[in-house]
Amino acid sequence: MISYLIDIFLIGIGAALINNFVLYYFVGICPFVGVSRKISTAFGMGCAVIFVIAIAAVISWAITTYVLMPGALLSRTVAGLFVPPETAAGIDLTILSYIVYIFAISSSVQFVEMYVRKFFPPLYKALGVYLPLITTNCAILFACLVIMSKITGVDNPADAWDLGRALTLAVGGGIGFTIAIVIMAGIREELDLCDVPKPFKGVAISLIVAGILSLGFMGFTGVDSGLRKAMMPKPEVVAQVQPEAEAGK
Amino acid sequence: MKPIQQMEPLSPTAFERLRNNNIIQAWLVLILTLCFGSSLAGIQMTLGPKIEENKLNETLEKIPELILGAEGAQKLTESGEKLDVIPRSFVVDKPGKKAVYNVYEAFDKDKKRLGWVVKTGGQGYADRIELLLGVDPEVKTVSGIFVLEQKETPGLGNKITFEEWRGQFKGKNTETPMGVVKGGKAGAGDINAITGATISSRAVTDIVNMAVADLKGPLTANAEGGK
Amino acid sequence: MADQPTAAERFIQGILPENPVYRQLLGLCPTLAVTNGLKAAITMSAAVLFVLFCANVIVSLIRNLLKPHLRIVIFTLTIATFVTFADRFLAAYVYQMSKVLGPYIPLIIVNCLIICRCEVCASKQGVVTAGADAIGQSLGFCLALCSIAAVRELLGTGMLFDIRVLPVVWPDWVIMVLPPGAFLTFGLLLGLVNWYSDRRAAAAGGK
Amino acid sequence: MAKEIQIRESAEAPVIHVAPSPHLSHTAQTTRTMMRDVLIALAPVTGMALYVFQAYALRQLAICVIGCLAAEWIFTGMRGRRATLWDFSAAVTGVILALSLPGTAPWYIGVIASFTAIGIGKVIFGGLGMNIFNPAMVGRAFVMIAFAGAMGAAGYQDASSAVDAISQATPMDAFKQGGAIAPLSALFWGNTNGSLGETSAIACLIGGLYLCIRRTASWEIPAGVIGAVVVLGGIANLLNPESQWTVLHHILGGALLFGAFFIATDPVTSPLTPKGKLIFGTGVGALIMLLRIFSGYPEGVMFAVLIMNSITPLINRWTIPRPLGGK
Amino acid sequence: MGLKFKGFGGSGSFPHGVHPPERKNFSGAAVIEVIPSPGQVLLPLLQNVGAPAKTSVKAKSEVKMGDKIADAGGFVSAPLHAPIAGKVGKTGVCTLTNGRHVPAMPIRAEGEQIEGKELWEKIFGGQWPKNADKYSPKEIVDAIQAAGIVGLGGAAFPTHVKYVPNEEKPIDTVLINGCECEPYLTSDYRMMLEVPDPIICGSLLLAKASGAKDVIIGVEDNKPEAVEVLKKAAAGTGIQIAVLPTKYPQGSEKQLILAVTGREVPLGGLPLDVGVAVSNVSTTAAIAGAVVKGNPLTHRVVSVTGAGVQTPKNLLVPFGISIGELIEACGGLTKDATRMVAGGPMMGFAFSDMNSPVTKGTSGITILTHEDLKKEDETSCVRCGRCVDVCPMNLVPTKIAMASRHRDTELAQQYNIMACFECGSCAYICPANLPLVQLVRTGKAEVIAAGKK
């Protein structure tokens with residue numbers, strides 16, 4: 001249990017700071033250089049992204065685990081109605097994943113927009129303008145893709161991420177995006193008062209700032225392993241039980 | 001859409017109602033979906049196996065070198081022979097969780113077991129390090145390691161992928177865990193750290209030690225049982 | 001939209017005057033992410049070319065059938081499908097490259113470049129123009145990616161296309177293949193391009 | 001109401017050949033004297049570096065100062081501006097940069113760092129007073145990551161050196177990688193290895209106090225940094241009592257004092273208000289401890305300063321002081 | 001010193017501020033002289049904050065000294081009186097020292113003038129009652145209004161406005177401002193030394209008019225003699241003297257209130273909001289003259305000082321006299337005089353027109369030499385924060401200036417640009433010699449223009 005919590009914590013820290021979505025993975029660059037003109041706007045955008053990314057992560061985790069991944073429970077059951085169980089077990093719908101994700105994202109954005117407009121008008125006023133922009137924000141699709149790779153790309157089914165980890169990654173990534181975009185907005189407000197050479201005005205100087213920012217964030221490299229080491233009890237070099245357990249073919 | 005409706009202010013006949021039905025309006029989407037769906041299925045049919053093969057080959061390609069060493073592998077390809085590789089999976093119960101190892105058992109053409117290759121990984125300095133570890137059939141010595149994936153600091157930590165460094169593991173005894181020593185003064189059972197990247201060096205060594213400790217029992221037991 | 005640009009114009013426009021990266025600032029994620037080597041940059045450009053060409057042609061073909069409220073849905077569907085094609089092809093035939101590019105291939109789906117070209121050009125013009133536009137834009141994209149990748153790979157590893165071109169004494173600027181190098185290189189090149197076009201514009205105005 | 005009249009006057013009236021108020025100015029301090037103060041304050045540190053590292057220090061100082069001045073001249077020239085070499089700001093950047101580099105780093109590192117510092121760190125933002133990030137730290141971070149091998153542990157070891165100190169790893173590095181503990185006296189006086197300027201705690205203290213007394217640097221920043229390090233280092237000590245690396249080691253070792261007094265206090269890149277400066281200093285200190293204890297880099301001063309520089313506009317925003325009589 | 005501050009609720013000081021060189025020695029020892037009656041005065045119709053006065057006499061009519069020649073143009077306005085006897089001319093335009101062009105009424109001296117000793121006696125002479133029992137508050141305020149009294153410290157705010165009884169905001173403290181924190185200026189100092197009685201009398205009248213319990217005279221501790229004299233004069237009247245540390249801008253209304261009473265005047269508010277009324281010592285003396293003797297405000301004491309004038313003096317002068325005549329009376333300018341400032345060097349306006357008339361707000365003329373100015377060129381702001389450290393209003397001047405330079409009115413307002421009263425402390429201290437006050441002024445104009453849109 002403790003190790004699970006540590007895992008969750010480190011996934012969150014990793015997505016938010018160490019491997020920041022914007023400054024390390026370069027996703028969400030467009031709003032990063034485009035929208036971040038005012039701190040309040042940037043913060044609103046960031047909150048909207050966290051909101052949507054969390055919903056999209058839950059949806060994509062569920063779809064991937066139960067429908068898309070090879071031998072997924074739901075697909076297997078449904079297919080089992082029509083074809084022999086052996087064939088049904090081998091069903092693999094991962095080829096549909098990109099299409100499914102992008103539609104999951106756009107429909108969740110639509111849904112969030114409707115829901116928020118109906119039940120939280122003040123929130124809609126604050127976030128509403130950013131919601132349509134988010135559909136094409138690559139940070140969200142990127143989070144879905146990472147979650148997919150952690151489910152379908154692992155060697156052992158036991159290592160596949162559960163919902164908690166997926167959600168943490170998504171929210172951590174969203175927070176990382178917000179941190180980056182708010183810092184950037186603060187700097188942009190300052191840059192408006194600076195005598196930046198004309199060719200560099202606008203996006204070019206933003207990119208340079210992002211470069212220096214990403215230099216600074218490089219300092220966090222390894223913090224996760226340091227934290228893990230500090231929080232975990234001394235690693236076991238020798239496994240205590242070695243039963244003759246063998247699985248597979 | 002609206003201008004069209006304004007141009008046709010006729011009374012809504014049954015046909016009109018049908019026309020304005022959402023499903024009917026989406027006919028283009030439905031047709032496209034069908035076309036794309038079938039072509040995707042075709043792609044999956046034709047390319048799917050190939051991709052799987054690529055994935056598997058990535059590991060399999062390295063096995064001869066890890067078991068036989070670079071020269072041995074060279075000879076093997078020259079002679080045109082191939083190793084028989086059987087993928088297996090071992091579950092090791094550890095306190096708190098079960099560790100699952102994918103292990104490849106390698107035989108020569110005479111069905112003689114040449115060694116094991118273990119796919120393992122662990123936290124490095126920056127991110128997870130994934131590596132392949134080759135051991136002899138009795139799990140007495142390490143026959144080689146190969147780093148599959150790593151994101152260590154370029155220029156420092158990523159030297160773990162260099163042959164000069166990882167070559168050190170070859171022939172190391174597995175009786176006692178290997179240590180990491182700085183300054184190039186490694187003894188028989190130790191590994192020389194990369195200058196300025198002791199942590200990466202230690203991470204790899206720890207991963208190897210852990211895998212060896214976890215699997216020594218099951219593998220030797222299996223080897224004996226297999227006889 | 002009185003006089004529609006011809007196919008040739010569209011083609012030429014995309015490469016330099018309306019370069020998607022340097023002038024329109026579209027598709028910045030891959031521009032930064034996959035430019036640490038020329039090979040990756042070219043593979044990425046090829047994938048974008050494939051997706052953009054197919055999407056443009058299809059959208060152009062069905063442009064008269066498009067209903068406004070379904071337009072975006074159809075665009076997304078088309079793009080996502082072709083991206084999946086591209087992704088599988090790469091995984092099947094250039095597996096190593098596909099591993100290097102990782103999630104950035106599927107991220108083409110949300111690349112503003114593609115949806116922007118579909119919206120601006122393909123949904124309004126004929127197949128030939130749309131195709132030419134797609135090729136022109138992709139070449140422009142390729143050019144931009146390669147310019148960045150060349151700088152980064154050369155400084156960062158002393159190599160071009162994984163072949164050593166600088167003498168061995170050259171100290172590799174490791175930072176150039178890391179994220180900060182991407183931002184800094186692109187920022188500086190963008191400034192350079194702006195400076196150059198400003199100067200050209202000034203010279204043209206002066207005459 | 002009095003104000004309104006004056007405003008209309010200044011907006012509408014023709015310009016008379018007179019200057020606006022105030023007609024007195026405090027002439028004791030100008031930008032140039034401030035920069036000169038920094039150079040004076042750096043003298044003990046520089047002296048110590050020259051004493052410990054001798055030719056290495058001299059070479060690195062020469063490369064960086066000349067590099068920075070040349071870069072300033074070239075880049076401001078490219079912008080078509082008059083180069084302002086005589087405000088000493090480029091020289092200050094050069095000296096701080098040199099003192100933050102290891103003495104054995106190859107020549108090209110100093111040159112690249114200088115050009116990056118002035119080019120990307122300063123001139124591109126519009127020159128002196130406009131930069132968002134500390135130029136010297138931008139330059140150092142760039143080469144630190146670009147040439148990790150020559151800048152990290154390997155950069156310090158040079159057995160061919162006549163000076164004994166140079167043939168060891170830095171105390172921070174030795175501890176982090178191997179758990180070795182340096183004696184406090186060595187950290188205090190400075191006969192250990194490390195970047196040129198960081199080894200001697202006493203020299204940094206002397207120079208730093210001079211700066212604070214002259215009000216060229218605000219005392220709030222070093223106070224915040226050291227305060228945060230004491231608190232967090234104390235907590236770390238309490239949690240892990242066996243550790244030989246005590247709070248005092250944390251303060252005297254590494255670039256902490258050098259960074260706290262000379263780097264973090266750069267007025268351009270730190271907040272304006274005293275409250276903001278305190279927050280800034282505390283943030284730098286906290287980040288230094290986080291990075292020192294957990295990250296893979298032995299030292300966190302440079303990254304901590306860069307990250308806090310980036311938040312400075314936000315801190316400024318949050319700490320707009322309450323005007324007299326305001327809410 | 002024995003001049004320690006005794007608390008009245010305040011700490012005796014205000015946060016921040018600067019210590020410019022005091023330079024009171026030029027005219028500090030010069031006894032107030034009465035300037036010879038001029039041949040002509042040019043009375044600007046706008047000498048106060050608020051609405052300009054309206055002429056009430058026709059051109060070519062004869063007036064005696066003290067005759068009203070212009071009515072108040074509204075409630076926040078003050079009437080004008082003839083400072084000399086003579087014939088009114090045709091209303092023309094004159095340039096004030098702050099550069100404004102305003103209509104002005106000339107009076108050519110004709111007939112017998114009250115001059116010299118006689119004038120001094122008329123204004124300051126005689127006995128001054130040490131209580132205000134004889135007068136009702138309304139009488140006092142009416143007399144102040146009729147005499148055209150405005151704040152003589154420099155702000156020129158019509159005084160009666162402050163003291164009109166206001167039931168919602170009762171005044172409990174009257175603060176008499178004798179700080180004179182501006183360098184060079186000594187007119188208030190000489191007033192306190194030479195004519196303490198009218199000051200005390202006026203203070204009591206103000207207390208009566210406003211119903212305040214406490215009357216406190218604030219004096220900076222660089223004027224110990226003035227403190228002694230005032231203490232002696234105030235003995236038995238209940239008036240207290242607060243000796244404040246010398247610091248600029250101690251004499252600013254809000255800073256003085258904070259230092260003495262510990263109350264903060266809210267942003268955009270008036271001293272009235274915290275139950276305080278503030279008047280300058282010279283104003284107080286004029287009030288006493290108006291109430292006790294019925295003298296309208298026609299003359300004031302002006303310091304003509306600085307290294308750029310031959311013999312610095314404190315002069316009792318009629319309003320409307322040209323500044324050139326004042327300088328003549330002091331022996332003229334020295335060779336190296338380079339800047340003439342109306343008021344003190346920190347907040348005063350530099351002017352170039354010797355014909356500018358003295359107005360009610362002219363507290364002094366400071367003539368600076370090249371030596372004093374020695375300003376270096378403007379360099380880049382390195383955000384050292386010194387301006388933040390000295391701003392008595394606790395603002396961030398450099399940010400406001402930057403915002404103003406880039407015409408970002410929104411940002412300027414976030415940094416409370418309108419709270420600035422342009423004391424000049426920031427520009428005085430700035431190592432980069434930025435024209436901070438100038439930028440704030442233009443910024444304020446932009447903000448007001450943007451607000452009007």
Side-chain angles (χ1 to χ4, degrees), chain A residues 19-34 94-103 105-107 132 134-146 148-149 153 196-218 221, chain C residues 21-23 25-35 72-73 75-88 91 102-116 175-176 178-199:
Chain A
N19 297 332
N20 187 288
F21 269 29
V22 177
L23 299 174
Y24 187 85
Y25 288 123
F26 312 105
V27 290
I29 294 285
C30 297
F32 181 66
V33 296
T94 42
I95 192 159
L96 292 177
S97 47
Y98 304 155
I99 299 173
V100 169
Y101 291 154
I102 191 70
F103 278 99
I105 292 169
S106 33
S107 50
I134 287 175
T135 318
T136 52
N137 185 333
C138 22
I140 296 175
L141 182 60
F142 181 78
C144 297
L145 292 169
V146 172
M148 172 183 133
S149 76
V196 176
K198 195 169 160 282
F200 285 96
K201 280 219 164 79
V203 176
I205 192 74
S206 300
L207 287 167
I208 303 271
V209 168
I212 301 174
L213 211 53
S214 128
L215 261 184
F217 273 67
M218 288 286 289
T221 326
Chain C
V21 174
Y22 284 122
R23 307 316 301 272
L25 300 168
L26 295 171
L28 298 185
C29 304
T31 306
L32 293 162
V34 303
T35 49
I72 297 294
V73 176
F75 287 176
T76 316
L77 185 67
T78 316
I79 295 168
T81 310
F82 286 113
V83 168
T84 312
F85 287 171
D87 184 59
R88 295 291 141 145
Y104 297 102
I105 291 286
L107 282 178
I108 295 177
I109 300 174
V110 283
N111 192 328
C112 355
L113 168 62
I114 310 228
I115 207 141
C116 178
I175 191 171
M176 297 314 276
L178 294 175
F183 284 114
L184 295 176
T185 313
F186 184 30
L188 291 174
L189 284 176
L190 184 58
L192 197 69
V193 169
N194 286 344
W195 172 77
Y196 182 71
S197 52
D198 282 358
R199 233 181 53 148

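The structure displayed is predicted, hence computed values, not measured ones. Note on naming: letters A, B, ... go to the chains in the order of the sequence lines (proteins, then strands), and numbering restarts at 1 for each one.
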Problem - Ring centre gap for A:Y101 and A:Y98 strictly below 6.0 Å - result: no
Exercise for the section: Name, in order of residue number, those residues of residues 105-112 of chain C that have a heavy atom at a distance of less than 4.5 Å from a heavy atom in chain A; otherwise write 'none'. Expected result: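 Result: C:P106, C:L107, C:I109, C:V110, C:C112.
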If you count heavy-atom pairs under 4.5 Å between each of [options] and chain A, which one has the most?
options	answer
C:I72, C:L77, C:T185	C:L77
C:T84, C:N194, C:D198	C:T84
C:A182, C:P179, C:A33	C:P179

Practice task
Measure C:L188 against the heavy atoms of chain A and call it side chain, backbone, both or neither at under 4.5 Å.
Solution key: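 Both parts, backbone and side chain.
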Handout entry: Engaged part of C:Y196 at the chain A interface, taking heavy atoms whose separation is under 4.5 Å
Key = neither
Hey, does [Y] have a side-chain heavy atom less than 4.5 Å from the side chain of [X]?
X	Y	result
C:V73	A:F103	yes
A:V27	A:V22	no
C:F75	C:I114	no
C:V21	C:L26	no
A:F26	A:F142	no

Of the non-hydrogen atoms in [X] and [Y], which two are nearest, and what is the gap between them?
X	Y	result
A:V196	A:K201	O-NZ, 3.2 Å
C:G187	A:A204	O-CB, 3.7 Å
C:G191	A:P199	O-CB, 3.3 Å

Exercise for the section: Specify which of A:I95, A:I102, A:V203 makes the most heavy-atom pairs with chain C at under 4.5 Å. Expected result: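 Looking at each of A:I95, A:I102, A:V203 in turn, A:I95 comes out on top.
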Select one option (side chain, backbone, both, neither) describing which atoms of [X] are under 4.5 Å from chain C's heavy atoms.
X	result
A:L215	both
A:M218	side chain
A:T94	both

Practice task
Check the pair C:F183 / A:I29 against side chain to side chain contact (heavy atoms under 4.5 Å, CB included), numbers first and verdict last.
Solution key: CA-CA 10 Å; C:F183 284 114; A:I29 294 285; 3.7 Å; yes
